[in-house]
Participant: 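Take a look at this one; I'll ask things after.
Proteins come first, then strands; the chains are lettered A, B, ... in the order of their sequence lines, and each starts at number 1. What you are looking at is a predicted structure, and each value in this text was computed from that prediction instead of being measured.
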There are 2 protein chains.
Amino acid sequence: MPIKSAGGKAVPKFKPVRRDPARTKLRILAAALEEFSRQGFAGGRVDVIARRAGINKRMLYHYFGDKQGLFREVMHRKMVQREAWLVGAPEDPLDILAYWFQVACNDTEWVRLLEWEALQLADAPLANGAKRRASCRRFMERIRKSQRLGRMPKDFDAGQMALTMMALTTFPLAFPQMTWIATGMLPTDPKFQRQRVKFLSQFAAALRPATQSAA
Amino acid sequence: MPIKSAGGKAVPKFKPVRRDPARTKLRILAAALEEFSRQGFAGGRVDVIARRAGINKRMLYHYFGDKQGLFREVMHRKMVQREAWLVGAPEDPLDILAYWFQVACNDTEWVRLLEWEALQLADAPLANGAKRRASCRRFMERIRKSQRLGRMPKDFDAGQMALTMMALTTFPLAFPQMTWIATGMLPTDPKFQRQRVKFLSQFAAALRPATQSAA
DNA sequence: TCCCCTAGTAACCGTCAAGTTACTTGTTGG
DNA sequence: CCAACAAGTAACTTGACGGTTACTAGGGGA
């Protein structure tokens, strides 16, 4: 029975609705991102992904092989997306703090994926390790340059500083309960986010080597 | 058949070995701490806990009701233990950084439990919320006092600063993959830990308001 | 037109894990 | 010494979950 039989408007010819592999794949990936971010890999339920994507579970295995394969694809796409996110960052490493924080606020799914990854590291070595390391190294170069220009204390180790900057921006979102304990707000609260942005600027300012104590 | 029948030495009378509820409970708790810390609540397997504790699974239900109850008890005991841990901390908030970091290094199980908790928050409100908040408030008072004494920038919000200090000390242990990406070492590596301690002191020093640039 | 590959579906399977049942064995107080 | 309760055990139940089987249906090219 063709679908146009019962209702009013006929389905437009130029865009097939009954079958649409690309759309199906995207729906699976979106649902999987949500589920894995919420529940982690082990806790994520394939049936839930399938139901939320509005597709049959079998299709998921058709396109991605197995749960592991689906997860890999989700992570890969997120990383690519993030790389694009981060090109618009400010030049000066200390100015980056507020920017990173705001990006993280708008991508809590990534923060949670990172966290699940952290808890499961031990088993697998590290997905995309070399690439991520290289990208961080590039950032460390910018830190060293900033140190040479006297815009950051010279004695800081660049790696430790990079790690610290991730900590400053990511921690409150990764540990909402700690954010609540310390501030009485959850990290999703816009009020908290404004306060944190302000704090991060003050913090960066305090870190700059004292050339002159400007008014 | 009594146990003394076969082997050589008889079991000492004054300490019953065949039955020892206290020991059994402790063994269960220890195994549960390890398992929950490794795998989280959802991922932790009751059978594994029972096997590692060398007891029958039924006893676990006997003493703790269910998996949830066992988990609660594990968390509760850890919190009590930690409270004791943290009384020996230095007076000055900035000096605390290195101390907190070293405590965390020796209690990675707790860091992981915190992390699992963070990922599952949403469902439950927060275990021991009021108490933890109060304890943090006390610490914030010390921050404010330090600010009054001119040992810390006066414009920092105390809550944000407390959160930041947790971030600086906990993040590298909570995200070993990030530590590796930034430094090429894992946070369990003694070399990394020494480097981090050094960095934290430098960092604290750089944060202190410039009274005089001492040699 | 018809063939064949791909998209899509429903029902099923083996396994695993939380929790229970029904039991045996040790300990202790009267 | 023995009843009664606590400690301990093995085998089972029930439900969920990852993955598969065996099928139907659409649609593009020869």
Participant: Could you work out which one of dG18(D), dT9(D), dT9(C) sits closest to the side chain of Met59(A)?
Facilitator: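 So the side chain of Met59(A) is nearest to dT9(C).
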
Participant: Assess whether a salt bridge exists between Arg132(A) and Glu117(A), defined as any Lys/Arg side-chain N lying under 4.0 Å from an Asp/Glu carboxylate O.
Facilitator: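 Yes, charged N to carboxylate O under 4.0 Å.
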
Participant: Hey, which of these two, His62(A) or Lys57(A), hits DNA chain C nearer its 5' end, going by closest nucleotide?
Facilitator: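 Mapping each residue to its closest nucleotide by heavy atoms, the 5'-most match is His62(A).
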
Participant: Report the distance from atom OH of Tyr61(A) to atom P of dC12(C), rounded to the nearest whole Å.
Facilitator: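 Whole-Å distance recorded here is 18 Å.
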
Participant: Rounded to whole Å, how long is the line connecting atom CZ of Arg51(A) with atom C1' of dA16(D)?
Facilitator: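 Value for this atom pair: 13 Å.
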
Participant: In whole Å, I'd like the distance from the CZ atom of Arg45(A) to the P atom of dG15(D).
Facilitator: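 So the CZ-P distance, Arg45(A) to dG15(D), works out to 17 Å.
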
Participant: Using the benzene-type ring in the case of Trp, are the ring centres of Phe139(B) and Trp100(B) under 6.0 Å apart?
Facilitator: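 Phe139(B) vs Trp100(B): aromatic centres under 6.0 Å.
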
Participant: Figure out the CD/C1' separation between Gln39(B) and dA17(C), and round it to whole Å.
Facilitator: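 Whole-Å distance recorded here is 14 Å.
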
Participant: Give me, pair by pair, the N or O atoms of the protein and of nucleotides 21-23 of chain D that are less than 3.5 Å apart, along with how far apart they are.
Facilitator:
residue: dT21(D); atom: O4; partner: Arg58(A); partner atom: NE; Å: 3.2

Participant: Is Gly65(A) touching bases, backbone alone, or none of the nucleic acid, heavy atoms closer than 4.0 Å?
Facilitator: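 Counting heavy atoms under 4.0 Å across all strands, no contact is made by Gly65(A).
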
Participant: Do Leu70(A) and Phe41(A) come within less than 4.5 Å of each other through their side chains, counting heavy atoms only?
Facilitator: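 Leu70(A) does not reach Phe41(A) side chain to side chain.
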
Participant: Roughly how many Å is it from CD1 in Ile28(B) to P in dG19(C), rounded to a whole number?
Facilitator: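 Taking atom P of dG19(C) as the reference, CD1 of Ile28(B) is at 14 Å.
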
Participant: Please report, rounded to the nearest Å, how far the P atom of dG8(D) is from the NZ atom of Lys25(B).
Facilitator: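 After rounding, the reported distance stands at 12 Å.
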
Participant: Look at all strands and tell whether Gly43(B) reaches a base, only sugar-phosphate, or nothing, counting heavy atoms closer than 4.0 Å.
Facilitator: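 Contact class for Gly43(B): none.
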
Participant: Given side chains that start at C-beta, do those of Leu168(A) and Phe171(B) come closer than 4.5 Å, heavy atoms only?
Facilitator: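 Not in contact.
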
Participant: Expressed in angstrom and rounded to an integer, what is the separation of Leu70(B) atom CG from dG19(C) atom P?
Facilitator: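 Computing the Leu70(B):CG to dG19(C):P distance gives 10 Å.
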
Participant: Is Glu35(B) salt-bridged to Arg52(B), cutoff N-O under 4.0 Å?
Facilitator: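 Here Glu35(B) pairs with Arg52(B) in a salt bridge, since their nearest N and O are under 4.0 Å apart.
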
Participant: Taking the side chain as every heavy atom from C-beta outward, state whether Arg77(B) and Leu26(B) have any atom pair closer than 4.5 Å.
Facilitator: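 Yes, side chains in contact.
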
Participant: Take the C1' atoms of the five end pairs on each side of the helix from dT1(C)-dA30(D) to dG30(C)-dC1(D), get both axes, and report the angle to 10 degrees.
Facilitator: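 Here the helix ends are tilted 10° relative to one another.
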
Participant: Can you see if the side chain of Tyr63(A) gets near the phosphate of dT6(C) - specifically, an N or O under 4.0 Å from OP1 or OP2?
Facilitator: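 So the side-chain polar atoms of Tyr63(A) never come under 4.0 Å of the phosphate oxygens OP1 or OP2 of dT6(C).
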
Participant: Under 4.0 Å between a Lys/Arg side-chain N and an Asp/Glu carboxylate O for Asp107(A) and Lys78(A)?
Facilitator: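 Looking at Lys78(A) together with Asp107(A), the answer is yes, because their closest N to O distance falls below 4.0 Å.
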
Participant: Run the salt-bridge test on Arg38(A) and Glu34(A) with the 4.0 Å N-O cut-off and return the result as yes or no.
Facilitator: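 The answer is yes: the pair qualifies as a salt bridge.
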
Participant: What I want to find out is whether Asp157(A) reaches Lys198(B) closely enough, with some N-O distance under 4.0 Å, to be called a salt bridge.
Facilitator: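 Lys198(B) and Asp157(A): not salt-bridged.
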
Participant: Report yes if a side-chain nitrogen or oxygen of Thr24(B) is closer than 4.0 Å to either non-bridging phosphate oxygen (OP1 or OP2) of dA7(D); otherwise report no.
Facilitator: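 So the side chain of Thr24(B) is outside the cut-off, no N or O lying under 4.0 Å from OP1 or OP2 of dA7(D).
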
Participant: With respect to the side chain of Asp47(A), which nucleotide from dA10(C), dA17(C), dG18(D) is positioned closest?
Facilitator: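 Minimum distance to the Asp47(A) side chain belongs to dG18(D).
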
Participant: Grab the CD1-P distance between Ile55(B) and dA6(D) for me, whole Å please.
Facilitator: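 Between P of dA6(D) and CD1 of Ile55(B): 19 Å.
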
Participant: Salt bridge check, Arg138(A) against Glu141(A): does any charged N sit closer than 4.0 Å to a carboxylate O?
Facilitator: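 Arg138(A) and Glu141(A): not salt-bridged.
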
